[in-house]
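Below is one structure; the comments refer to it alone.
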Amino acid sequence: MLGCVFEHETAEGLVAVELTEVEAYAGEIDPASHAYRGRTGRNAVMYGPPGHAYVYFTYGMHFCVNVVCMPEGSPSAVLLRAGRVVTGESLARERRTTRRPETAAPGKTSAPSVIPARDLARGPARLCQALAINRIQDGADLCDPVSPLRLRRSDSNVSGDSPAIAVGPRVGVSAAADTAWRFWRADDPTVSVYRPYKARTTRPTNHTDTNSVWTG
DNA sequence: CGTCGGATAATCT
DNA sequence: GATTATCCGACGA
């Protein structure tokens with residue numbers, strides 16, 4: 001799948017990326033897979049036919065997209081982690097630009113930060129934001145040429161020349177952290193930065209509000 | 001350049 | 001109630 005084109009056609013226009021980084025999840029035998037504990041409402045699409053999109057919502061604010069890759073009943077998928085934008089760069093940047101509230105003090109000009117091209121789809125959630133992928137696309141057929149969301153071979157580079165592929169552990173997973181099922185184009189600037197899993201201290205929920213009074 | 005904490009809510013146990 | 005296949009801004013070197 002590295003080097004294939006992943007594209008989404010919407011009313012706003014077409015944004016296409018060339019995939020530079022992917023990650024494999026091997027269904028019910030893989031402790032890091034969403035399907036490890038069996039079928040649920042969220043992972044149902046993974047149990048369906050291959051070539052369809054499995055989109056999930058995570059961290060309370062991000063979407064990630066997978067390609068279902070094994071026959072019906074085998075819930076395996078490949079997470080699309082990063083890509084290089086080849087079509088619709090301005091639209092992708094528009095979607096990726098986080099407009100913050102005007103923090104500029106009176107008399108001062110706020111510096112408009114332009115997102116570098118390499119960062120537009122650098123990371124699984126960024127890729128989804130650049131392509132405007134959300135829950136609606138969960139289950140979409142990626143192999144139907146008529147589908148607005150498609151995965152296809154690149155028009156260029158049909159010569160068979162393929163850049164070197166690097167292999168390493170998956171990003172951000174707590175289980176099976178040493179399994180090297182992440183694949184990326186070596187020396188490509190659009191590949192996401194590796195960050196190992198880091199457990200986070202659960203912020204204590206405020207059970208005792210400030211007005212409660214202990215009478216005992 | 002690097003590391004670190006916070007945001008934020010669906011999903012699952 | 002805990003966990004999470006992440007990202008961004010802040011801060012220090």
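In what follows, chains carry the letters A, B, and so on, assigned in the order in which the sequence lines appear, proteins first and then strands, with residues in each chain numbered from 1.
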- Rounded to the nearest 0.5 angstrom, the CG-CG distance for A:Leu80 and A:Leu142 is 8.0 Å

- Task: Name all residues meeting the side-chain contact (heavy atoms from CB on, under 4.5 Å) criterion together with A:Ala125; count only those two or more places apart in sequence or in a different chain, and write none if there are none.
- Result: A:His62

- Write down the distance between CG (A:Asn43) and P (B:dT13), rounded to a whole number of angstrom. 10 Å

- Query: How long is the line joining OH of A:Tyr54 and P of C:dA5, in whole Å?
  - Reply: 9 Å

- Message: Please tell me if A:Tyr197 has a side-chain N or O lying less than 4.0 Å from either OP1 or OP2 of C:dT6.
- Response: no

- Message: Rounded to whole Å, how long is the line connecting atom NZ of A:Lys198 with atom P of B:dG6?
- Response: 13 Å

- Task: Indicate yes or no: at least one non-hydrogen side-chain atom of A:Val171 is less than 4.5 angstrom from one of A:Tyr194.
- Result: yes

- Reckon A:Ala32 touches a base, only the sugar-phosphate, or nothing at all at heavy-atom distances under 4.0 Å? base

- May I have the distance from A:Gln129 (atom CD) to C:dC8 (atom C1'), rounded to whole angstrom? 11 Å

- Any A:Thr58 side-chain N or O less than 4.0 Å from OP1/OP2 of C:dT6: no

- Message: Against the six-membered ring of A:Phe57, is A:Arg135 placed for a cation-pi contact (under 6.0 Å from the centre, within 45° of the normal)?
- Response: yes

- Find the distance A:His62:NE2 to C:dT3:P and express it as a whole number of Å. 19 Å

- Rounded interatomic separation in angstrom, taking CZ from A:Arg170 and C1' from C:dT4: 15 Å

- Item | Residues from residues 78-86 of chain A lying under 4.0 Å of DNA chain C - heavy atoms | A:Leu79, A:Arg81

- Note on the structure: From the candidates B:dT13, C:dC7, B:dA10, the one with an atom nearest any side-chain atom of A:Phe57 is B:dA10

- Please list, chain by chain and in numerical order, all residues satisfying salt bridge (Lys or Arg N to Asp or Glu O under 4.0 Å) with A:Asp188, sequence neighbours excluded. none

- Message: Using a strict threshold of under 4.0 Å (side-chain N to carboxylate O), is an ion pair present between A:Glu18 and A:Arg185?
- Response: yes

- Taking pairs as Watson-Crick (N1-N3 plus N6-O4 or O6-N4) or G-U wobble (N1-O2 and O6-N3), each distance under 3.5 Å, the stems of three or more consecutive pairs with DNA chain C are B:1-7 with C:6-12, B:9-12 with C:1-4

Donor-acceptor pairs are to be reported for all side-chain atoms of residues 1-11 of chain A against protein atoms at under 3.5 Å, with residues two or more places apart or in another chain.
unit_1  : atom_1 : unit_2   : atom_2 : d
A:Glu7  : OE1    : A:Arg152 : NH2    : 3.4
A:Glu7  : OE2    : A:Arg150 : NE     : 3.0
A:Glu7  : OE2    : A:Arg150 : NH2    : 3.3
A:Glu7  : OE2    : A:Arg152 : NE     : 2.8
A:His8  : ND1    : A:Leu131 : O      : 2.6
A:Glu9  : OE1    : A:Arg150 : NH1    : 3.3
A:Glu9  : OE1    : A:Arg150 : NH2    : 3.3
A:Thr10 : OG1    : A:Glu12  : N      : 3.1
A:Thr10 : OG1    : A:Gly13  : O      : 3.4
A:Thr10 : OG1    : A:Arg95  : NH2    : 3.1

- Is any side-chain nitrogen or oxygen of A:Arg96 closer than 4.0 Å to OP1 or OP2 of C:dC8? yes

- Query: Hey, which of these two, A:Arg195 or A:Val65, hits DNA chain C nearer its 5' end, going by closest nucleotide?
  - Reply: A:Val65

- Task: Measure from CG on A:Leu120 to C1' on C:dC7 and round the result to the nearest Å.
- Result: 14 Å

- Is_stacked (A:Tyr25, C:dA5) at 5.5 Å, 30 deg: yes

- Message: Under the rule for side-chain contact (heavy atoms from CB on, under 4.5 Å), what residues qualify as partners of A:Val167, not counting sequence neighbours?
- Response: A:Ala180, A:Phe183

- Item | Verdict with supporting geometry, A:Arg170 and A:Asp178, salt bridge (charged side-chain N to carboxylate O under 4.0 Å, His left out) | CA-CA 8 Å; A:Arg170 295 175 288 189; A:Asp178 52 347; over 6 Å; no

- Item | Interatomic distance, A:Met61 CE vs C:dT3 P [rounded to whole Å] | 18 Å

- Message: If you go through the side-chain atoms of A:Tyr56, does one of them form a donor-acceptor pair with the base of C:dA5 closer than 3.5 Å?
- Response: yes

- Check every strand shown and say whether A:Arg182 touches a base, only sugar-phosphate, or nothing at a heavy-atom separation below 4.0 Å. nothing

- Note on the structure: From the list A:Arg126, A:Arg122, A:Glu21, side chain to side chain donor-acceptor pair (under 3.5 Å) with A:Ser192 holds only for A:Glu21

- Item | N/O (side chain, A:Ser174) to phosphate O (OP1/OP2, C:dT4) under 4.0 Å | yes

- Aro-ring/base stack A:Tyr59-B:dT8, d under 5.5 Å, angle under 30°: no

